[in-house]
Structures are given as C-alpha cells and as structure tokens.
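Beneath this line is the structure, given in structure tokens, with notes to follow.
Only a predicted model underlies this, so the values are computations on that prediction, with no experimental measurement involved. Note on naming: letters A, B, ... go to the chains in the order of the sequence lines (proteins, then strands), and numbering restarts at 1 for each one.
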Amino acid sequence: MFTLTFPDGAQRQVQPGATPLEVAKEISPSLAKAALAADLDGELVSLVHPIHKDARIRFLTWEDEAGKTVYWHSSAHVLAQAVKELWPAALLDDGPATEAGFFYDIKFPTPIGEEDLTRIEEKMREVLKRKERLVRRELCADEARSFFAARGERFKLELIDAIAARGESISVYEQGAWADLCRGPHLLDTGKIKAVKVLSVAGAYLHGDEKNEQLQRVRAISFPSQAELDQHLFLIEEAKKRDHRKLGRELELFSFHEVGPGFPFWHPNGTVVYDELVRFWRELHREAGYSEIRTPMILSESLWHKSGHWEHYRENMYFTQIDEQDYAVKPMNCPGCCTIFGSQPHSYKELPLKLAELGQVHRHEKSGVLQGLFRVRMFTQDDAHIFCTPPQIEDEIVKVIQLVDWIYSTFGFGYEMELSTRPEEKFIGSLEVWEQAEGALKAALARVGAAYKLNPGDGAFYGPKIDFHIKDCLGRRWQCATIQLDFSMPERFELEYTAEDGSRQRPVMIHRAIFGSFERFIGILIEHFAGNLPTWLAPVQAIVLPITEGQLEAARSVQQELLKAGLRAQLETRSEKIGYKIRAAELRKIPWILVVGAREAEQGLVAVRRHGQGDLGVRPVAELVSELRGLVDGRRLEESVTA
RNA sequence: GCUCGCGUAGCUCAGUCGGUAGAGCGCAUCCUUGGUAAGGAUGAGGUCACCGGUUCGAAUCCGGUCGUGAGCUCCA
C-alpha cells in the first residue's frame, strides 16, 4: 500500500498501480468529473497514470493553469487530427498549449488562408463528436521512426532524433485511427472538449528556428462550454477596443508616419502624458538621491568599440559621419554615463553614486517587430546607473525594487519578477564576483519578500539581472523595469574610486530602468486604462460646457479658475446643443465635464459630470477645484471610474 | 529580416463583370440658443500608398517598392 497526501494534509492509502482517476472517484464523483490531470509530487500526470510510490497528490481541474495546459494540449491533437483528415499530405511539426489556447505548426501541401479556418473548425467539431480515447503507447526509437516514416512525417522524425539524443523515452498518443508523437499527459478522451474556435493562421519557422523552412501556425482555443468560449471571444473584442494604436489616434496622443517607421510623433495630448510621467519620475528620483545627467545622442565610433557595443550590438545601431570621422547614434546610455564618471576622480565617500538619465536611444529593430509604442526604433529610457562597492549592492537593489514597487502601484499594475543568473559559458569576470553578485540579488529579493522566477543561465554576459514584467490587457507580458549588475563596463572604461585605505578600486555598476521606456509604458497605460487616464495624467482634465451662449462668459471664468489652480481645462465654445457637447467630451474621455447653465452661472456653481459616471450634481466651483487639485497632487488612481 | 493578409477623403468603410469615385462621422459657413451621449441646411476634401506592366481603357488584373496587421526570430 502507498500513502497519498492531499493538499489539505489529508492522507489516503492506495493499492500499488492505483490511478488518480480511481482515487478521485473514491473521494467524490464530482471531483472525478472535474479532474483533468493530476500533480504527483510536482510531476504532471494523466488520470490513468499508475501510482507506485508514496506521494503528494493534487487533482488538476479547469481552474488550474496546469489543468488548462493538459486540456489545450489534447485539443491541439484534435486540431492536428482534423487537419490531417482534411489535408492528408500535411506535415506536422509541434503543437503545444500556450497561455491562452494552443497551436500546431504545420506544413500544408499548399499554404492555407483565413478562409480555411472555418473548415478546420468544423472538422474539429466532427472529430470531437467521436469522443475518442487518447491512449498512450511507449515505443523504442526505431519503432517510432518506422511508425512516422511510414506516414511521411519527416518533421516528427527530427523530433524523435532530438528526444532519443536526450535519452528520453518516446511515446505516442493514439486517438482513433490517428496518432501523434507526444510526451503527454493528456485528457482520457476528447469528450471533455466542448467548444473550439480556430483563431488565426500565421507563419512560423520549423522547430522555431529562423534558419529553417517556414511552416504555418494554426492557433485555436477550446473550452468546456460554449458560454466560456463566448466570454473569451468577447474579451478579445474588448481588448481590441483598448488597442493603444487605435486609442492613440482617436485621442490624438501620437501618430506614426511612412517618413519614419517605428519613430513615434508625439502630439500635444500625448506630450502632456509624457511630461507628467517625467515629472512624477523626477520627483521620486530626486527624493531617492539620484542626480540627473544628459549625454550626447551621437558619439564617436571609438567609444562604441570600447564599450563593446560595436562588437555585440552593431546590427541594431545607426551610424553616421562627421568631418569624415565615424560616429554612431547611441542605442544605450551607459557609455555616456561612464564617460562622465571617468572624467573626474572619485572617493569611496561618494558611493553609491546614482546618475539618472532620460536617455533617448535609437535602435534599428527589424521591420517585422515594430508594433505601435510597444516596439519602436526611438525611445526614451528612464535610465540610471548606480556606481557602488560590492558590499553596497544588496542595499541598492532593495532600494530600486522598492522604487519600482512604489511606481507600479501608483498605476495599479501587477508585475512578475525574474532573476537571471550567470550564463554557462560566455561570461566575463570571476566566478567569485558572480557568486557575490547573485547572492546580493537573491538576498535583496528575500529582504523585500518578493516571489520570483529563476532563469538560470539567462543573465547578460556582463552580469546577473532582475527583470520586471507587467501584464497588459491582452495577456501579453512586457518587460519594463530591469535591474542589471554590470562588471564589464567599469572594466572597459577603467573606472575607479579611491578606497578608505588609499587604494584604487573598481566600482560595480548597476544599470536600471523602471518604466523601461516612456513609449512602451505609455502604450501599456493606455491599454490598462482603456484610454481613461486618471485625472493627473489626462491631457485635458476638465472641459467647461456652457448650456447656451448666454453662459459663455460664466463658463470662461470657471475655466479661468481651473487654469489658475494649475489644472488643464478647456472651454467648449461651439453653439451646439448640450447633449452634443457632452457626447463630444465623453468621446474624448475627458475625466471631468463641467456644465454651466443659467442656474449655475447665477450662484457660482457647476454641474459636475465624471466621465463614464454621468451627472453627479452641482457643486461650488471652489470646492470642485480643490477636489481636482487633491486628485492630481495625490496622483490618485480613482479606481472606481477607471475599472 | 521571413511567411501570409491588408492599403479608397482626417476617421470608419462601400465601390458588382476593368468603363477615370461614394456614404456616415469629422471639418467650414449659415440657421438654430437647445439642461446631461448626435438639431437642420449648404459646402470644401481623394494622383484610389508609390513605381512599372497588361489593356482602347486599371481603384479593380499582373510584377516590384514602401507602409501596416497577425505570427516567427529578437528585444525596453
């Protein structure tokens, strides 16, 4: 007998070879019905996996990420089967589950188009109706090779070789007359998959490698009920409405033009948002002991040789000539900052020295990756470089993490952290320094009590780093903040400080950004708030609407009061009906709409209307002004109106 | 950069079989002075992304270029 331990600590004895499904049935029929797979000592297993040890067990349902993964992975097999029934000559590569659905990379005899998606979807429903069992079968490498060779699946043969090379066991999952190479685990049968939607088809490289031939990636999603699918499709539509590229145009924040692909043009409204963020950032950094610097946009190519960028980053840089000398447009700010640090002697007493720079950088990104403000060729980083001694690293990292947390919480953003450590091979500096640095980062994370994901070997060649990812409304994760330790740059620039004992020492450099770039951050803000920016960030904070031209002067004086209080207020002067003017202001997402009619004008009142909330009643002008000032000064989120 | 799709007025989009362009919104002018999401009239706006080809004739068919979208690869 083996002992299974459940998440709540309860235990149960089972016979050797018992399966999670049998265990679930003993507990309750509803659990057996809801269970999709099980977690056995951290291993993801199917419900018919025989248990041959004492273990902790947890049943995975649709509510668990891992449960969804199994569900969608099985759905991917259904997709593949449907495709093979429609195009027997299609060649399959790989078809995993993703964060939201699943895909399959396929080489079609002739490329398919959007119009084929419905056919695939209908065929999938047909396959699902058969409610076929997914049966696992283990094969040796040669059996597997002849199995897929007989079917002409040459991509699968490559996958088999890769699996065999890793010394892993090879298995196929059969469903009806068809079978796919797969590690599993899977659902017991396809009957639990109730609703499917084939979403898109796009190019993808074989095995995800750019050098390989191009296949087509068919993306789809499935749900246990039609209602859940409908809800998901509704959310996709809602997300599209928030697309910052659309809102950016509608709200006249920024634009892109053929004369500068990837180079954003900031319109007056967008510039206000940008400047407010800068102001917020400056306030916090001044308080946190940073000094601000500015370094040139174009610098001699020799500097970029020295920094290593020419060697490692040339592909992404723009070059030019001045007086027949070679120059480069800066893609990063660190060399400029190091030039300042190196321009004068430093004492240990100055450390940690924190030099911040709103550095505008240009990077030649591949044309295909440009994407609104999320991926541009010119952007401004809220950069800073902290020069310190190795023992100071931990404290400084803690302070940066706290600053990031403060800034993100001001916008109501959730985020995830990742720690990337020393690469296996390509790295500079001694193992000792790396260990010290990684230890400092881990200690800092522990001190702030942050949960983080470890990416072993994912650090830069010059040092380990902590990355912060914000999740946007489409579920995409964007790296914004980053904290990177850098042992390389101080070395290359021969930076030094005089230590207590008079010796010359090399400082450690911490490279960090919090917004990451203003461009991307604003893009995320727009989508996060669906364009309804909090009052402190809104390009126009209030608009005054006279009901008739008779109140134009009274309305103008209300506007003057707001302007005097430092608020961004406009006056509507068009002679339209009030309904029309309100509609226009609502569409511009102006947070405060102030209506002045004969009644209000007489008593020094305004009728207040908050965007999205309708009429809030009348209020004395002075009272409203101080309320708005409070919102702005406190950089209040006003969640009730932005949600 | 690669694959596929798309490109018509400031915006959203029609435009049939190849016969040199249309709507709504917005904008301008005039009328209207209306109390919480669209009052009315008139008018201006387009080298149909660009270059080339086929054709008597191209927004429409073909090729190329540029831009853009979905992905891939890469990243703040």
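- Heavy-atom distances under 4.0 Å link RNA chain B to no residue of residues 264-279 of chain A.
- Applying the 90° cutoff around 0 to the glycosidic angle, B:G45 is assigned syn.
- Using a 4.0 Å heavy-atom cutoff across all strands shown, A:Val361 reaches no nucleic acid atom at all.
- Among the atoms of the strands shown, base atoms are found under 4.0 Å from some heavy atom of A:Glu576.
- The side chain of A:Glu549 approaches B:U33 more closely than any other nucleotide in the set B:A70, B:G1, B:U33.
- Nucleic acid contact for A:Gln216: none, since no nucleic acid atom lies under 4.0 Å from a heavy atom of the residue.
- Taking every heavy atom of residues 581-588 of chain A and every atom of RNA chain B, pairs under 4.0 Å involve A:Ile582, A:Arg583, A:Glu586, A:Leu587, by number.
- Counting non-hydrogen atoms under 4.0 angstrom, A:Arg363 reaches a base of the nucleic acid.
- Using a 4.0 Å heavy-atom distance criterion, A:Gly579 is classed as a sugar-phosphate-only contact.
- Consecutive pairing runs in RNA chain B reach the stem threshold at B:1-7 with B:66-72, B:10-13 with B:22-25, B:27-31 with B:39-43, B:49-53 with B:61-65, where a stem means at least three Watson-Crick or G-U wobble pairs with distances under 3.5 Å.
- In the set B:A76, B:U36, B:U33, the nucleotide with an atom closest to the side chain of A:Asp615 is B:U36.
- Residue A:Gln479 is in sugar-phosphate contact alone, with no base atom involved, counting any heavy-atom pair closer than 4.0 Å across all strands shown.
- Across all strands, A:Gly203 comes closer than 4.0 Å to base atoms (heavy-atom distances).
- Using a distance-only test at 3.5 Å, with no hydrogens or angles considered, a donor-acceptor pair links the side chain of A:Thr421 to the main chain of A:Gly457.
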Short N/O separations, protein against nucleotides 26-28 of chain B, under 3.5 angstrom:
from  : atom 1 : to       : atom 2 : distance (Å)
B:G26 : OP1    : A:Tyr580 : OH     : 3.2
B:C27 : OP1    : A:Arg574 : NH1    : 2.9

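- Across all strands shown, A:Gly550 has no heavy atoms under 4.0 Å from either base or sugar-phosphate atoms.
- For A:Glu424, the CD atom counts as loosely surrounded, since its 6.0 Å shell holds 12 or fewer non-hydrogen atoms of other residues, nucleotides or ligands.
- For A:Glu292, the salt bridge (charged side-chain N to carboxylate O under 4.0 Å, His left out) test picks out A:Arg282, with sequence neighbours left out.
- In this structure, A:Arg520 reaches the bases: a heavy-atom distance under 4.0 Å links it to at least one base atom across the strands shown.
- An OP1 or OP2 oxygen of B:A76 is reached within less than 4.0 angstrom by no side-chain nitrogen or oxygen of A:Gln381.
- Counting non-hydrogen atoms under 4.0 angstrom, A:Arg375 reaches a base of the nucleic acid.
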Between A:Glu213 and A:Arg154, does the salt bridge (Lys or Arg N to Asp or Glu O under 4.0 Å) criterion hold? Intermediate values first, please. CA-CA 13 Å; A:Glu213 67 182 295; A:Arg154 59 188 167 97; 3.3 Å; yes
Base, backbone or nothing for each nucleotide of nucleotides 61-69 of chain B, written B, S, -, heavy atoms under 4.0 angstrom, 5' to 3'? -----BSSS
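- Taking the six-membered ring where the residue is Trp, the centroids of A:His528 and A:Phe413 are separated by under 6.0 Å.
- You'll find that the side chain of A:Ala607 is closest to B:U36, out of B:G34, B:A76, B:U36.
- The main-chain N or O of A:Gln484 is never found under 3.5 Å from a side-chain atom of A:Tyr462 such that the two would form a donor-acceptor pair.
- When the side-chain nitrogen and oxygen atoms of A:Arg609 are compared with OP1 and OP2 of B:U36, none of them lie within a distance under 4.0 Å.
- Aromatic ring centroids of A:Phe265 and A:His257 lie under 6.0 Å apart.
- Among the nucleotides B:G35, B:U33, B:A76, the one closest to any side-chain atom of A:Val376 is B:A76.
- Side-chain atoms of A:Glu600 come within donor-acceptor range of the base of B:G35, with a qualifying N/O pair under 3.5 Å.
- Between A:His362 and A:Tyr318, the angle of the ring planes goes over 60°, which puts this pair in the perpendicular group of the 30/60° scheme.
- A donor-acceptor distance shorter than 3.5 angstrom exists from the side chain of A:Tyr408 to the backbone of A:Ile514, with no hydrogens or angles considered.
- Less than 6.0 angstrom separates the ring centroid of A:Phe521 from the ring centroid of A:Phe411.
- Nucleotides B:A70 and B:C51 have their P atoms positioned 28 Å apart, rounded to a whole Å.
- For the residue pair A:Glu252 and A:Asn269, no side-chain donor N or O sits within less than 3.5 Å of a side-chain acceptor on the partner.
- Side-chain N or O atoms of A:Arg583 include none that pairs as donor or acceptor with a backbone N or O of A:Ile578 at under 3.5 Å.
- For the pair A:Phe379 and B:A76, the ring geometry qualifies as stacking, because the centroid separation is below 5.5 Å while the planes lie within an angle under 30°.
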